[in-house]
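One-based numbering, in listed order, for ligands and for the atoms of each.
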Amino acid sequence: MDEQQLIRHALAARERAYAPYSAFRVGSALLDGQGGIHYGCNVENAAYSPTNCAERTALFRAIADGHQPGTFAAIAIAGDTEGPISPCGVCRQVLLELCAPDMPVIMANLKGDIARMTVSGLLPGAFGPNDLLEK
Ligand SMILES: O=c1ccn([C@H]2C[C@H](O)[C@@H](CO)O2)c(=O)[nH]1
Ligand SMILES: [Zn+2]
């Protein structure tokens, strides 16, 4: 699974977004350690705050399907932004919780722009699992 393929999966997932309020559709594709893909899209809500971003949808789906935290290989995210889409702060925190710190996060837009970061690079100075679990 190369980067371009993972981005294509994220773009396909974006088609399933439920975004009637913002009309801003986002897709994600999470690659697991066995080469499996877990799709995510944003799912909005009339009360707004229950909205789930594409990134968290894919991560929560994969965990619910039995994958262990820290075993994922990469995530791609795609949205119709000027530059490569950037995950929100809540998703950065959830990525830090459920993925290895050095896991690649591939950010794309519809024009083919791509940016790459690691999970830990997206949330410098984070309060994370180590602060509670390793005493
Ligand atoms: O990285 C992002 C940024 C935004 N959204 C969603 C949340 C909301 O439904 C809409 C507008 O913020 O886009 C995502 O899913 N992922
Ligand atoms: Zn988010």
Side-chain angles (χ1 to χ4, degrees):
M1 174 74 50
D2 66 25
E3 184 181 89
Q4 287 297 338
Q5 282 179 291
L6 201 59
I7 291 170
R8 279 199 291 275
H9 283 296
L11 288 165
R14 179 176 172 272
E15 298 297 316
R16 300 173 214 144
Y18 174 70
Y21 306 108
S22 74
F24 186 75
R25 301 158 78 81
V26 184
S28 69
L30 177 68
L31 183 64
D32 68 35
Q34 291 76 46
I37 305 282
H38 305 269
Y39 296 95
C41 59
N42 53 330
V43 181
E44 297 189 340
N45 189 282
Y48 289 13
S49 68
T51 293
N52 214 57
C53 295
E55 299 90 322
R56 279 176 288 139
T57 301
L59 287 159
F60 294 158
R61 248 193 101 167
I63 294 292
D65 283 341
H67 290 269
Q68 292 298 312
T71 63
F72 304 109
I75 189 169
I77 312 159
D80 189 12
T81 36
E82 180 60 29
I85 192 165
S86 183
C88 83
V90 172
C91 289
R92 290 172 193 231
Q93 187 77 43
V94 173
L95 283 160
L96 190 81
E97 184 74 32
L98 300 177
C99 304
D102 60 350
M103 191 192 85
V105 179
I106 301 153
M107 297 161 278
N109 64 10
L110 304 191
K111 298 183 287 182
D113 299 321
I114 302 173
R116 302 160 189 86
M117 294 276 281
T118 63
V119 163
S120 58
L122 284 169
L123 202 58
F127 179 86
N130 291 346
D131 293 308
L132 291 179
L133 298 178
E134 280 178 21
K135 292 265 187 268

Vertex the Zn ion (ligand 2), ends C91/SG and C53/SG: angle to nearest 10° comes to 110°
Which heavy atom of I63 sits nearest a heavy atom of Q68, and at what distance? CD1-C, 4.3 Å
For the student: nearest non-hydrogen atoms of A73 and D32, plus distance: CB-O, 4.1 Å
Measure the distances from the heavy atoms of A19 to every atom of ligand 1 and state whether one is below 4.0 angstrom. no
For the 3.5 Å polar cut-off, considering only N or O atoms, please tell me whether [X] and ligand 1 meet it.
X	value
S22	no
N42	yes
I85	no

Protein contact of [atom] - nearest heavy atom, named by residue and atom, plus distance:
atom	value
atom 12 (O) of ligand 1	F24 CD2, 4.6 Å
atom 1 (O) of ligand 1	E55 OE2, 2.6 Å
atom 15 (O) of ligand 1	A54 N, 2.9 Å

Nearest non-hydrogen contact with atom 8 (C) of ligand 1 belongs to which option: R56, E44, M107? E44
Apply side-chain contact (heavy atoms from CB on, under 4.5 Å) to residues Q93 and L123 and explain how you reach the verdict. CA-CA 7 Å; Q93 187 77 43; L123 202 58; 3.6 Å; yes
Within a distance under 4.0 Å of any heavy atom of P87, pick out the atoms of ligand 1 and give their elements. 1 (O)
List every atom of ligand 1 that sits less than 4.0 Å from any heavy atom of T51, numbering the atoms from 1 in the order shown and giving each element. 9 (O)
Co-membership, hydrophobic cluster, residues V105 and V26, 4.5 Å side-chain: yes
In terms of hydrophobic clustering (I, L, V, M, F, W, Y; side-chain heavy atoms under 4.5 Å; direct or indirect links), are F60 and Y39 co-clustered? no
Checking heavy atoms under 4.0 Å, the part of S86 that sits near ligand 1 is backbone
Location of contacts on C53 toward ligand 1, heavy atoms closer than 4.0 Å: both
Donor-acceptor pair, N109 side chain versus T81 backbone, under 3.5 Å? yes
Should the ring pair F72 and H67 be called parallel, tilted or perpendicular, given that the plane angle runs from 0 to 90° and is split at 30 and 60? tilted
Whether Y21 and Y48 hold their rings parallel, tilted or perpendicular, with breakpoints at 30° and 60°: tilted
Flag atom 5 (N) of ligand 1 as yes if some protein heavy-atom distance to it falls below 4.0 Å, otherwise no. yes
Could you walk me through whether I114 and Q4 satisfy the side-chain contact (heavy atoms from CB on, under 4.5 Å) test, starting with their C-alpha distance in whole Å, then the side-chain angles of each, then the deciding distance to 0.1 Å, before giving a yes or no? CA-CA 10 Å; I114 302 173; Q4 287 297 338; 3.3 Å; yes
